[in-house]
Structures are given as structure tokens and as C-alpha cells.
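Structure record follows, encoded as C-alpha cells.
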Amino acid sequence: MKVAVIQHPPKYLNLQKTIDLGVELIETAAGQGSKLVVFPEAWFPGYPEYVWRLKPGGEMSLTDDLFKISQANSVNLSKGHMKPIQEAAKKNKVVVVAGHQEIDGEVSGSTLYCSIIIINNDGTILNNHRKLMPTNPERMVWGPGDGSGLNVVDTAVGRIGALACWENYMPLARYSLYSQNIDIYIAPTWDEGEPWLSTMKHISREGGCWVISSATAIQASDLPDDMPHKDHLYPDKDEWINCGDAIIYKPFGDLHAGPLHKEKGILYSDIDISFSKSSRRRFDATGHYSRPDVFNLTIDKSKKKPIS
């Protein structure tokens with residue numbers, strides 16, 4: 001089975017143009033024979049990298065300016081914003097796993113979340129997971145999710161689960177996915193470089209599953225010229241804001257493809273999901289190595305709402 005790992009930059013902070021580009025990239029990947037297409041963290045409409053450059057107190061007004069645009073271009077599932085991506089998945093018979101910045105359109109209408117959606121090759125949404133804990137300054141723009149999306153789901157290409165970025169450093173969150181007979185573990189991220197890649201390798205060994213990860217390869221020149229405070233935040237237009245580092249690891253820790261470094265494009269590779277189950281003969285974290293007589297994990301998967 002061929003997979004396609006996207007690390008092309010989005011049309012930053014423009015949801016409609018980014019969705020249009022996403023449809024094009026799905027069609028391109030499908031044209032190369034891909035059956036699974038993976039997008040990076042918050043790719044729709046672009047990761048709010050500015051939070052790492054703005055001072056929490058002194059530049060609050062700048063944060064407000066950028067948040068307003070980001071909020072207006074976030075994915076509202078209750079309004080069907082991902083329908084074009086669902087239709088592209090169905091038309092091209094591919095499974096899509098995509099990081100998106102989601103706005104809560106049902107309760108608050110304001111709070112944003114870092115989410116990962118899994119769309120089957122018939123266009124149906126199988127799961128939407130909200131990042132459990134935004135990392136450091138991400139908390140200036142994102143709220144924490146709940147456990148309702150900690151699911152591994154059956155897709156046309158195997159059983160898939162996903163965690164976003166530094167959620168993957170949370171041992172119990174990982175364990176919750178391992179315990180659901182996972183074939184392909186997907187980690188959309190904004191992280192890059194050796195520490196992150198070594199974590200992906202560890203997870204492939206610990207979980208006995210395929211691990212696929214990518215950040216967005218993007219330079220300052222890829223940001224729109226009318227982005228507020230762009231010159232202040234990104235004075236060097238040639239700066240690599242993120243190098244991408246799309247990667248695929250085999251079950252039990254062998255490098256399979258990538259990393260795709262400082263290259264805006266798509267990482268393609270063929271994988272065999274049967275390796276996941278067979279690799280766990282040696283070490284199965286939630287099977288013969290689990291020791292339930294000693295350890296037990298309780299997971300609350302109820303959807304949390306502020307009213308009842």
C-alpha cells in the first residue's frame with residue numbers, strides 16, 4: 001500500500017484556499033497510487049507559529065490581531081467545512097488523516113482546538129481528536145481537548161490512531177492507542193529534528209506499529225504579505241520556519257522512508273501493515289508485556305461539555 005505524507009505549506013491562514021490546495025494534493029497523491037494521505041498538525045489553515053514569537057503580556061494586542069484571523073479561518077465541522085476534503089477522499093478512494101485548527105461551533109463558538117480528523121475512503125468521518133494539552137504558548141490560542149477522540153478506527157487501509165505533536169510524549173495517551181490493536185500510528189506535528197525523529201522511532205518500537213509523522217515545511221516567504229505584523233515577526237524572508245522532516249518508521253524501530261528535510265512536497269512510500277501484528281511477537285505493550293495484575297489504566301472517553 002502506498003502512502004503519501006504531505007509537508008507542502010498551506011495557503012497560510014486562508015481556510016478556503018487551503019482546502020482547495022488540500023483537494024489538489026489529495027488528487028496528486030492518488031494519481032501516484034496512494035491509498036493513505038497524511039497532512040501535518042493544524043495544516044488547515046496553518047499552524048499558529050506566531051505564538052512562539054509573541055510575548056504573552058507585552059504583545060497581547062498583536063496576538064489578538066492574529067488570533068482573530070486564525071479564528072475566522074478555523075474549521076467548523078458543524079458547518080461542514082471539511083466536506084470538500086471528504087468528497088476528495090471519496091472521489092479518489094483514499095483515506096485522509098489531517099491536522100486542522102478547529103473552532104467549537106456548537107457550544108462556545110469561539111474556543112479553538114488543535115484537532116486531527118480521520119476520513120475513510122468513502123468520505124465518512126471516522127474520528128476527530130482534539131489535542132489533550134496544547135504545548136507551552138499554544139495555550140494562548142488553543143483549549144485542551146477531552147478523551148472522546150482517543151480512538152483507533154477501522155479504515156480501508158488498516159486500523160489507524162493519531163496523536164498531535166507533544167501529545168506523543170504522554171505515555172498514557174500512547175498506551176491508550178496501543179491497547180486498540182493499532183496498525184498505523186500517525187503523529188501530525190510542528191516539531192522537527194533529531195529529538196522528534198528519535199521519539200517516532202521509539203514509538204514504532206514500543207507500539208509495534210507503523211509510525212508516520214510530518215510537520216509543515218515552510219519559509220517566511222510562504223506567509224501572505226498582508227499578514228499582520230509579518231515584518232516584525234519574520235524579518236528574514238528566507239528563514240525556514242519549519243524544515244518538515246516527514247518520516248516513516250517500520251514496526252519495531254527501523255527507518256523506512258525520509259526524513260524529507262527542507263523540501264516542500266510529498267513523501268511517498270509503500271508499507272505492509274501486516275508487519276505491525278507480527279512485530280509484536282517480541283514485545284506487545286498491551287498484550288503479553290502488559291502485566292494487568294500490576295498495572296491498570298482507566299480512560300474516560302466521555303465527551304465533556306460545560307452544560308448538561
Side-chain angles (χ1 to χ4, degrees), residues 5-19 21-22 25 37-54 62-63 65-76 81-82 85 96-103 111-117 128-145 162-169 186-193 196 200 212-224 227-230 233-234 239-247 259-266:
V5 190
I6 308 295
Q7 66 169 38
H8 195 285
K11 299 297 183 181
Y12 195 68
L13 295 186
N14 187 313
L15 181 59
Q16 187 55 59
K17 289 183 178 179
T18 297
I19 286 176
L21 176 58
L25 291 169
V37 181
V38 176
F39 288 87
E41 181 180 25
W43 196 83
F44 297 90
Y47 178 88
E49 199 274 342
Y50 54 83
V51 298
W52 294 91
R53 304 188 181 218
L54 291 167
L62 278 64
T63 305
D65 292 342
L66 289 161
F67 176 80
K68 185 177 180 180
I69 297 171
S70 188
Q71 185 184 52
N73 284 275
S74 293
V75 172
N76 188 335
H81 283 173
M82 293 300 277
I85 302 301
V96 176
V97 180
H100 65 102
Q101 182 170 263
E102 180 189 2
I103 188 167
T111 294
L112 305 182
Y113 298 92
C114 174
S115 302
I116 307 170
I117 196 168
N128 186 61
H129 168 63
R130 291 175 174 176
K131 191 175 187 177
L132 294 172
M133 180 53 65
T135 301
N136 296 328
E138 291 174 356
R139 295 170 205 170
M140 291 195 294
V141 295
W142 290 340
L163 294 176
C165 205
W166 277 23
E167 273 190 311
N168 293 281
Y169 289 139
I186 296 178
T189 188
W190 186 250
D191 212 337
E192 58 179 324
W196 177 255
M200 296 300 98
I212 299 173
S213 179
S214 179
T216 301
I218 189 169
Q219 291 175 276
S221 57
D222 295 311
L223 304 178
M227 175 182 168
H229 318 299
K230 177 182 175 180
L233 296 171
Y234 306 96
E239 176 194 356
W240 279 93
I241 301 171
N242 195 296
C243 297
D245 286 345
I247 197 84
L260 200 64
H261 185 75
K262 287 187 177 180
E263 185 174 343
K264 303 166 190 174
I266 303 175

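Hydrogens, waters and symmetry mates are skipped; everything else that's a heavy atom, side chains included, is used. By convention here, the first residue in the shown sequence is residue 1.
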Under the side-chain contact (heavy atoms from CB on, under 4.5 Å) rule, what do Glu102 and Ile117 come out as? Steps first, then yes or no, please.
-> CA-CA 10 Å; Glu102 180 189 2; Ile117 196 168; over 6 Å; no
ring-ring contact (aromatic ring centres under 6.0 Å, His included) assessment of Trp142 paired with Tyr47 = CA-CA 11 Å; Trp142 290 340; Tyr47 178 88; 5.6 Å; yes
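Between Asp65 and His229, the shortest heavy-atom contact is OD2-NE2, 2.8 Å. Across Asn128 and His100, no two heavy atoms sit closer than the pair OD1-NE2, 2.8 Å. Residues Pro10 and Gly46 approach most closely at CG-CA, 3.9 Å, considering heavy atoms.
Side chains of Trp196 and Ser213: a donor on one and an acceptor on the other come within 3.5 Å.
Within the 4.5 Å cutoff, the side chain of Leu25 has heavy atoms near those of the Phe39 side chain. With a 4.5 Å cut-off on side-chain heavy atoms, Leu54 and Leu66 count as touching. Using a 4.5 Å heavy-atom cutoff, the side chains of Gln101 and Pro45 are in contact. Side-chain contact between Ile241 and Leu223 is present, with at least one heavy-atom pair separated by less than 4.5 Å.
Gln7 places no side-chain N or O within 3.5 Å of a backbone atom of Ser214 that could act as its donor or acceptor partner. A distance-only check finds no donor-acceptor pair linking the side chain of Thr216 to the backbone of Ile218 [under 3.5 Å]. Between the side chain of His129 and the main chain of Ile116, no donor-acceptor pair closer than 3.5 Å is present. With Asp245 contributing its side chain and Gly193 its backbone, the two residues share a donor-acceptor pair below 3.5 Å. Asn76 contributes no side-chain N or O that, together with a main-chain N or O of His81, makes up a donor-acceptor pair within less than 3.5 Å.
Interatomic distance, CG of Asn168 versus CG of Leu163, reported as 5.0 Å (0.5 Å rounding).
Heavy-atom neighbours of Lys17 NZ from other residues, nucleotides or ligands within 6.0 Å: at or below the threshold of 12.
Arg53 meets the salt bridge (charged side-chain N to carboxylate O under 4.0 Å, His left out) test with Glu49, Glu239; sequence neighbours excluded. For Tyr50, the ring pair (Phe, Tyr, Trp, His ring centres under 6.0 Å) criterion is met by no residue, not counting sequence neighbours.
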